[in-house]
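Counting starts at 1 for both ligands and their atoms, following the listed order. Only a predicted model underlies this, so the values are computations on that prediction, with no experimental measurement involved.
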Amino acid sequence: MTFAMPGGASRNAGPILYGPEITAVADALLAGHYGHGPLTERFERDLARFLDVPDVVAVATGTAAMHLALLEAGIGPGDEVIVPSLTFCSTIQAIVATGADPVFIDVDNNNLCVRPDDVLAAITPATRAVLPVLYSGRAVDLTGIQHHLDARGILTIEDAAQAFGSDLNGRLVGANPHVVTCFSFGPMKNLTCGEGGAIVPRTPQQAQTLRRMRTVGIAQTLAQRADSTTYDVIGFGIRAHLQSLNAAIGSAQLAHFTHARTIRQQLWRHYTQALAGVPGAEMTDVDIDHTVPFNCVIQVPDRDQVLRRMRAAGVGVGVHYPPNHLQPAFARWTTDLPVTEDIGRRILSLPFHPSLRPEDVNLVVAALHDALSSRNP
Ligand SMILES: Cc1ncc(COP(=O)(O)O)c(C=O)c1O
């Protein structure tokens, strides 16, 4: 994939490739390890060590991680799950897939994450879970309302698809024992497996159930099946395991994660400096000292005009995300969310990928400046 730059230059917009991924995938192919296998289990151990947690369950995607975490919690028809509308649609699809009802709430105008007070205000007797989205990688802190959630038996299952490597007051996202964390390791994520995801479970029982659910309901582990002529299908399951080929990429990438963190934070800081001179452009507050930023989302007036002008100048800008409560598929659950609707008209994602250089950022910001100053009233 290439990334168009003003002036016709182009830069690879893919993830960072460190090199060992190629050997790791070749080794897996030669060993005949394609599907779920020892490399998947090694990746789980690597992740658990990195996060300093007892266990991690690897799955096929971030969407599957949330779907399975919700199902494992017993969430289904008649239950409500509180969720921001400003997220990728797969967060909502994961809730809807369980038969539960998403209850859309607004987000903070500055950091684009849910506010604890809005979570509390949305609670009803049917609320079973809250699903905060760690927008741009910023950790969401619900500790101030944890006792309210506990008192009502409401679980927190977080969408940390964009937040691998970020922390909350020094504790890595994924290591909070009050929260079930779901990561994505898709192509553009802070850590990539090509495609992949993971759930950080909170009990051995939960881990066991999730492992059964990701392998079509089969009870036995890989090792247990090696000596057996049969297996037991003991409950619900879908096919959502992480393939060895993808796990091999993930383990190789994880070994270099410090580099990814540094590059992403540097890029963000460079954007902060460059955008300071652009009237009308407001950056998202990602709490950069604690966040490995996934993207660079700003708010601008007349966004559609600015977006078109920047694309015409060759800059690959986008919108993350069109609000979900306004999507046809989720019309049943729509509600009035004035902040999200305003943000939805103003957000603009600037190019943000590890191979961008400071001079590229300057070109993007110059194009933004031009687009903003030449827009029609
Ligand atoms: C906020 C958010 N949630 C969920 C997902 C879904 O993850 P995946 O693509 O791995 O299913 C993504 C990424 O695509 C995301 O950015």
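Side-chain atoms of Gln220 and Asp232 include a donor-acceptor pair closer than 3.5 Å. A donor and an acceptor atom, one from each side chain of His325 and Ser85, are located under 3.5 Å apart.
More than 12 heavy atoms of other shown residues, nucleotides or ligands fall within 6.0 angstrom of atom CZ in Arg269.
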Identify the protein atoms, limited to N or O, that lie within less than 3.5 Å of an N or O atom of ligand 1, and list each pair with its distance to 0.1 Å.
| residue | atom | partner | partner atom | Å |
| --- | --- | --- | --- | --- |
| ligand 1 | 3 (N) | Asp159 | OD1 | 3.3 |
| ligand 1 | 3 (N) | Asp159 | OD2 | 2.7 |
| ligand 1 | 7 (O) | Ser184 | OG | 3.4 |
| ligand 1 | 10 (O) | Gly62 | N | 2.7 |
| ligand 1 | 10 (O) | Ser184 | OG | 2.7 |
| ligand 1 | 11 (O) | Gly62 | N | 3.3 |
| ligand 1 | 11 (O) | Thr63 | N | 2.9 |
| ligand 1 | 11 (O) | Thr63 | OG1 | 2.5 |
| ligand 1 | 14 (O) | Lys189 | NZ | 3.1 |
| ligand 1 | 16 (O) | Gln162 | NE2 | 3.0 |
| ligand 1 | 16 (O) | Tyr321 | OH | 3.2 |

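Between Arg309 and Asp304, none of the side-chain N atoms (NZ, or NE/NH1/NH2) sits under 4.0 Å from a carboxylate O, so this pair counts as no salt bridge. Between Glu282 and Arg303, none of the side-chain N atoms (NZ, or NE/NH1/NH2) sits under 4.0 Å from a carboxylate O, so this pair counts as no salt bridge.
Side-chain contact between Leu348 and Leu368: present, with at least one pair of heavy atoms (C-beta onward) separated by less than 4.5 Å.
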